[in-house]
Amino acid sequence: MNQPSAPSTLAEAGAATADRFSLPHQIAAWAVHAYTASGAVVGFLALRAAFLGRARDAFRWMLVAVLIDATDGTLARAVEIKRVLPWFDGAKLDDIVDYFTFVIVPVVFLYHLHLLPVFGTLLFVALPLLASAYGFCQAAAKTPDFFFTGFPSYWNIVAFYLYAGQTPLWLNGTLICILSLFVFVPIRYLYPTRTVPFRRLTNLLGGLWVGVLLVLLWQFPTPSPWLVLFSLYYPLYYTALSFYLHATTRKTPITP
């Protein structure tokens, strides 16, 4: 039996959706996809700021990208986006934008602001780019019970602390190598807005952390070392809780 062509299938899906959902509902769903896609524009603005040597502006735009990524999923579920637009792969769009804003943009920032070791600079650029490309393409990159598998490519946060902490280049290179390796280690990391255990505490501490980051950005280019050190409470909490839950919670079988 011949398989129906892709265009026919998409057309049928579109017609079925038009019958089931009102035009305002469909517009709302497309607006959420546009909101997700806007992260790519925000990433471009962060890149432009990095090229101009404006670290504060670059991190402000990176923070905006994080906030978009943290909220678009909630909006998508609120408008039942998978039911309204079943033929449009919002997860793929989200991954494309995330790889750009969470990986490419901060790696370019690290390179352009001279935060990488002079010897072997290309290696320290290539490691996070290649490791994270692998990480994003894993079928089990996100588990059914809402954990990330392997280091979830938070290179924007890494870039922030390497810049704000004025850490030595050899330490920067060492950390990049370790975290790139951890992309391949199947430890389950928190998905802050969706992992159920301790979610309320995680989001409360995360909201306070964003407030501390805003104060640090206001202090740039010379943030308070003590405040930078204090702000590490959230990355440390996130890592410790991820390791604890990985060790103590029942693993949900991963389905393709």
If hydrophobic clusters are built from ILVMFWY residues whose side chains come within less than 4.5 Å, do L171 and F151 share one? no
Under the criterion side chain to side chain contact (heavy atoms under 4.5 Å, CB included), I'd like the reasoning laid out for F51 against V108: C-alpha separation, chi angles, the key distance, then a yes or no. CA-CA 9 Å; F51 288 143; V108 171; 3.7 Å; yes
Considering all heavy atoms, the nearest C177-L127 contact: SG-CD1, 3.6 Å
Nearest-0.5 Å distance, CG of residue D98 to CG of residue L93: 9.0 Å
With heavy-atom distances below 4.5 Å as the criterion, would you say the side chains of F102 and I157 are in contact? no
4.5 Å side-chain heavy-atom contact, V212 and L216: yes
Hey, can you tell me if F243 and Y189 have their rings parallel, tilted or perpendicular (30° and 60° cut-offs)? perpendicular
Verify the cluster assignment for L52 and L63: are they in a single hydrophobic cluster under the rule of side-chain heavy atoms below 4.5 Å apart? no
Minimal heavy-atom distance between L190 and Y154, with the atoms involved, is O-OH, 4.2 Å
What one should report as the nearest heavy-atom pair of V125 and Y111 is CG2-CD1, 4.0 Å
is_close_aromatic(F88, W30), centroid dist under 6.0 Å: yes
I need the single residue from F136, W155, Y134 that forms a ring-ring contact (aromatic ring centres under 6.0 Å, His included) with Y99. Which is it? F136
As an exercise, state the distance from OG1 of T101 to CD1 of I68, rounded to the nearest 0.5 Å. 8.5 Å
Looking only at heavy atoms, the pair that brings P186 and T149 closest together is CA-CG2, 3.9 Å
Would you find a donor on one side and an acceptor on the other, under 3.5 Å apart, between the side chain of H25 and the backbone of V79? yes
State plainly whether the residues R60 and D57 are in salt-bridge range, i.e. N to O under 4.0 Å. yes
If you count heavy atoms of other groups shown closer than 6.0 angstrom to CG of L122, is the number above 12? no
Path from V41 to Y35 over hydrophobic side-chain contacts below 4.5 Å: no
Membership question, hydrophobic clusters at under 4.5 Å side-chain separation (ILVMFWY): are F198 and L204 in the same one? no
Spatial distance of atom CG (L67) from atom OG1 (T71) [nearest 0.5 Å]: 7.0 Å
Is there a side-chain contact between S224 and F230, using heavy atoms and a 4.5 Å cut-off? no
Looking only at heavy atoms, what is the nearest atom pair of S180 and A131, with distance? O-CB, 3.6 Å
Is R54 atom CZ crowded by more than 12 heavy atoms from other residues, nucleotides or ligands, each under 6.0 Å away? no
Applying the 4.5 Å side-chain criterion to the ILVMFWY set and letting contacts propagate, would L213 and W226 be lumped into a single cluster? yes
Nearest heavy atoms of I81 and A29, plus distance in Å: CD1-O, 3.4 Å
Enclosure of E80 CD (heavy-atom neighbours >12, cutoff 6.0 Å): yes
Inter-residue atom distance W61.CH2 - L45.CG, 0.5 Å rounding: 5.0 Å
Is a side-chain N or O of N172 found less than 3.5 angstrom from the main chain of L115, in a donor-acceptor match? yes
Using side-chain heavy atoms (C-beta onward) and a distance below 4.5 Å, is Y237 in contact with T202? yes
Output the distance between atom CG (L75) and atom CZ (R77), rounded to the nearest 0.5 Å. 9.0 Å
With Y191, which of F148, F147, Y238 fulfils ring-ring contact (aromatic ring centres under 6.0 Å, His included)? F148
May I ask you to check whether T36 and D94 show a side-chain donor-acceptor distance below 3.5 Å? no
Does V118 offer a backbone N or O that forms a donor-acceptor pair with the side chain of T121 under 3.5 Å? yes
What do the steps show when you test F109 against Y163 for side chain to side chain contact (heavy atoms under 4.5 Å, CB included), and what is the final call? CA-CA 10 Å; F109 178 92; Y163 180 85; 4.0 Å; yes
State, with a plain yes or no, whether a side-chain heavy atom of L241 is found less than 4.5 Å away from one of L201. no
Nearest 0.5 Å please: distance from the CD1 atom of I104 over to the OG atom of S132. 10.0 Å
